[in-house]
Amino acid sequence: MNWGTELATTYQRYGDRIGIVDADGPHRIAEVLDAASGIARRLAARGLGPGAFVATIFHNSALAAAASYAVSLAGATEVPVNPLLSAHEIAHALACTGARLVLVDGGDPLPSDFEVPHEDVRAIGAHPFVPESWPDVDPDAPSRIVFTSGTTGPAKGAIHTHRGRWTGTLMLRASLPFAPGGGNRVLLMTPFSHGSSLLTFAYLAQGASVHLLRGVEPALVLPLLASRAITEVFAPPTVLAKLLDAWARPEHRDLVPSLRTLLTGTAPLTPLLYRTAVERFGEIVRVTYGKSEIFNPITVLDPPETAAAYAEAPAEGLCVGWPATGVEVEIRDEAGLRLPRGETGTIHLMSPHLSAGYMTGEGQALRAADEFHDTGDIGFVDARGRLFLVARHSDMMKSGGYKVSPDEVERALAPLLPGTELVALGTPSDYWGEIVTLVAQRPPDDWRARLGPALDAMTSYKRPRLFAAVDELPRNAIGKIARAQLRRHLMETHDLVERPKPALIIKPALVIKPALVAKPRGDAT
C-alpha cells in the first residue's frame, strides 16, 4: 500500500480547488499536499518512516491536515493529540506510543514541556508533491493511534492500521447522504485529533472543501451558517446546544441558516434538542454512532429517517440507525451470549475498519481477528434492525437493587427545564447502594418546583432523590460530560445525609478547587 499513489488523484484532479479555509484564509488542495510533501521529506531525513511513531499536536487548521498527510506519506504512524489536553494527558499519549517526534504549529504556544523532540512545521518549506516518491507500507501495520476520551480511566490508544484507515475513509464517504463535490463546504469545530480529521480527508478526497474553526465561537459560527458559504456542519449535541442557545439571543435572531445537512454524533441527541434544531434548521439532521475504536460510520440515520425516528413514541433508548455497510452489531448478555432483537444488553461491533487493539501504559493489547469490540454501551436492536442506545455500562446506576439508566432520567426531566443541562448520576450510599442524583447547570431558582410533575410521574426507583446545581459541568477534551469528575466533586464539596430523607449538604468553610466544577449555587438538597 502506498499513500502517495492514493493521494495522487486528489492532487492531480482537484489540486486547483480550494480545499481548506482556516484562520489564515483559503488554501488550495495542491498547497496542502505540497506542504505535506515538504514535511514528509523532513521526516524521512530524520529517519522517521515505517515503524516510527510521530505525534501531531494541532488546533484545527490546514497545517493540521498537512501534518497528518505527511506522516502517512512517510509511512510512519501518526499519534494525533488534542492540544487542549493537560500536560499529563499529553505525556501519557506520548509515553504509550513511544513517539520519537512531535510536529507542532509554531504559531501556537507549545501545549506542554514534554521531553520528546518537536519540530515546527511552519519552518519547513513546501515541496511539490510527487506520487512516486513515497515508501510502500504494510497494510496491517499501525497508521494512526486515536486515544479514547478517557471517561472510564486512563485514555487508551486505539490502533488503526493503514488498511483500516483507508477503508474507514472510503466507508465514511459512501455513507454520506450526498456525494461531496466542488459545491460542498463543511464547517468543522471539533478537535482535529478526532472527528474533524475524518471529514476533512473524506471531503478533500472528492474535491470538496472544509472550513476549520478552533472551537465554537457563536459570533463567528452563526454568520457563517447564514452566509451560504457553508453547506454542511458537524455539530455534536454539546456544540449544537451552544449554537441554538446563541441563536435565541436578540443580536442573532435575524440570521437565517442556509445549510443543506446538519451532521451530528458522539453523544445522544435528546428529543428536546432535536426538536429545537428542527425549528431553527428544518428536518436536515443526520445522526450517526461512532467510537474512537471504529471510525464513523457505525450506524446511520439520514435526515428523513431521523425525522421519522424522533416522531415515534418514546422508547427505552435513542435510535441511532441502521448499521453501515460492512458493520456487524451484536447485543450480548452478561455471559457474552448473543441476545435476540428487542432485548437489551451490551453492544458489540465488528467491521473491516475496526481498530486492531490498544496501546496503553502496559504495552500493546491486540484484538484477535474474529474478536468483536465490546463498546461498553448498553442498547438493543429493534424489529426493523435499528440500533438504540440506552446507556454506558460505566454510567448505569444501581439503586435499591434496580438498574437505572441516566439517559432515561435525563430525557424524562429535560423538557421541564428547556435551556438547562441536566446530568443524572449515582451517589454512593451505604443503604441504597447508589442514590439517583440530578445535577443542573445554572438552573432557574424554581427548578425543583418545575420538575415536580415529571418527578411524580416517574417510576419510584428511577426518581432522583438528591439534587445539586453547579455553574459549569466538567467535560473532557471532546466535550463529553465527565461524570466521574462530577461525582468526585460532589463528594468533596458535600456531605451526604441519608436519614430521614436523602440530602446533599454543602460542607462548611468549603474551599473549592478552581480546576474542578464551579461552586454549587444555592440549596443543593
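Atoms considered below: every heavy atom in the structure, side chains included; atoms not considered: hydrogens, waters and symmetry mates.
Distance CG/Leu425 to CG/Leu466: 9.5 Å, rounded to 0.5 Å. Separation of atoms OG1 (Thr375) and CD (Glu330) is listed at 12.0 Å; rounding is to 0.5 Å. Between atom CD1 of residue Ile298 and atom CG of residue Leu387 there is a gap of 9.0 Å, rounded to the nearest 0.5 Å.
Using modelled atom types, one side-chain atom of Thr299 and one backbone atom of Val320 make a donor-acceptor pair closer than 3.5 Å. A donor-acceptor contact shorter than 3.5 Å links the side chain of Thr306 to the backbone of Leu301. Side-chain atoms of Lys156 do not come within 3.5 Å of backbone N or O of Met359 as any donor-acceptor pair. In this structure, Glu410 contributes its side chain and Ala424 its backbone to a donor-acceptor pair below 3.5 Å.
Side chains of Thr261 and Glu232: no donor on one and acceptor on the other come within 3.5 Å. Donor-acceptor pairing under 3.5 Å is lacking for the side chains of Ser68 and Thr56. Judged purely by distance below 3.5 Å, without hydrogens or angles, the side chains of Ser399 and Glu434 never pair a donor atom with an acceptor atom. There is a side-chain donor-acceptor pair under 3.5 Å between Arg144 and Ser197. Glu89 and Ser86 share a donor-acceptor pair across their side chains, judged by distance under 3.5 Å alone. Thr427 and Thr437 share a side-chain donor-acceptor pair at under 3.5 Å.
Remark: Glu334 CD is loosely packed, at most 12 non-hydrogen atoms of other residues, nucleotides or ligands lying under 6.0 Å away.
Relative to the six-membered ring of Phe372, Arg367 misses at least one condition, a distance below 6.0 Å or an angle of at most 45° to the axis.
The pair Glu283-Arg275 does not meet the salt-bridge criterion, since no charged nitrogen lies less than 4.0 angstrom from a carboxylate oxygen. Note on Glu343 versus Arg338: no salt bridge recorded, every NZ/NE/NH1/NH2 to OD/OE distance being 4.0 Å or above. Note on Glu472 versus Arg442: salt bridge recorded, some NZ/NE/NH1/NH2 to OD/OE distance being below 4.0 Å. Checked for salt-bridge contact, Arg163 and Asp138 miss the test: no charged N lies under 4.0 Å from a carboxylate O.
Applying the side-chain hydrogen bond (donor to acceptor under 3.5 Å, both in side chains) rule to Thr97 yields no partners; only residues at least two apart in sequence or on another chain are considered. Among residues two or more places apart in sequence or in another chain, the ring pair (Phe, Tyr, Trp, His ring centres under 6.0 Å) test is passed with Tyr203 by none.
Between Phe380 and Phe388, the ring-plane angle classifies as parallel under the 30° and 60° cut-offs. Relative ring orientation between Tyr310 and Tyr274 is described as parallel, the plane-to-plane angle staying below 30° on a 0-90° scale split at 30° and 60°.
Counting heavy atoms from C-beta outward, His92 and Leu85 have side chains that stay 4.5 Å or more apart. Looking at heavy atoms from C-beta onward, Asn184 lies in side-chain contact with Phe178 at the 4.5 angstrom threshold.
Checked against the 6.0 Å centroid criterion, the rings of Trp166 and Phe201 do not qualify as a close aromatic pair.
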Stepwise side-chain hydrogen bond (donor to acceptor under 3.5 Å, both in side chains) check, Thr148 with Ser292: CA-CA 6 Å; Thr148 63; Ser292 299; 5.8 Å; no
